[in-house]
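Worksheet: one structure, shown below.
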Amino acid sequence: MLHIQRVSSGQLQALQEISRETFVEAFAHENTPEDMQHYLENNFGDAQLHNELSNPDSTFFFAMIHNEIAGYLKVNCGAAQHELKDHHTLEIERIYTYKKYYGNGTGQAMLNHAIQLAIDLEAEFIWLAVWEKNFRAMRFYEKNGFIAFGTHDFILGKDIQTDILMKRSLSTTR
């Protein structure tokens, strides 16, 4: 049975573990070990994750299957958003599952949860950034009604990469 639960500050170590492991599973094959290590240390360290968990405009969720963490979701509103910082939008900053859960509905459940949060906040649209080489994720988002609307730089170690910004209007869902 899959359910989504909010991450508490007492679950920092579990959040750090899944953050690091799913990022490595998703991107290590396309990046240098040095760039990956730099990113993991700077973005998933104790202090950084503690600050993110403490931000009232950011919320983390675990996708749980039979009491095991299968994936996680981070959403941002207001000033915590990276690009738009609009009070009428919600950003999905991170949505990751362990590879062993690909295709079983975990990612879809987390995305649906984020969309419902955005609807509850009366957001005009929900948006995210996805690496231009992550074709699987882009297809997933497109199937869920997201369209590209821009790009931004994503720095992984010394490598400057391009993320595609995608959004889904929520005006027809209200």
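Predicted model only: the values in this text are computed from it and were never measured.
With sequence neighbours excluded, the residues satisfying side-chain contact (heavy atoms from CB on, under 4.5 Å) with T162 are E132, T151. With sequence neighbours excluded, the residues forming a side-chain contact (heavy atoms from CB on, under 4.5 Å) with R94 are F44, L49, E52, F60, Y72, K74, Y96, listed by chain and number.
No side-chain heavy atom of V130 sits less than 4.5 Å from a side-chain heavy atom of F146. By the 4.5 Å heavy-atom criterion applied to side chains, N42 and Q48 are not counted as neighbours. In this structure, the side chains of N43 and F23 stay at 4.5 Å or more apart for every pair of heavy atoms. With a 4.5 Å cut-off on side-chain heavy atoms, E91 and L128 do not count as touching.
Defined by atom type and a distance below 3.5 Å, a donor-acceptor pair is missing between the side-chain atoms of E68 and Y98. A donor atom on one side chain and an acceptor atom on the other are found under 3.5 Å apart for Q37 and E41. Judged by distance alone, the side chains of N134 and E30 never bring a donor and an acceptor atom under 3.5 Å apart. Between the side chains of Q108 and N112, at least one donor-acceptor pair of N or O atoms lies under 3.5 Å.
Closest approach of L90 to A114, counting heavy atoms only: CD2-O, 3.5 Å.
Side-chain atoms of D57 do not come within 3.5 Å of backbone N or O of N76 as any donor-acceptor pair.
Aromatic ring centroids of Y39 and F154 lie under 6.0 Å apart.
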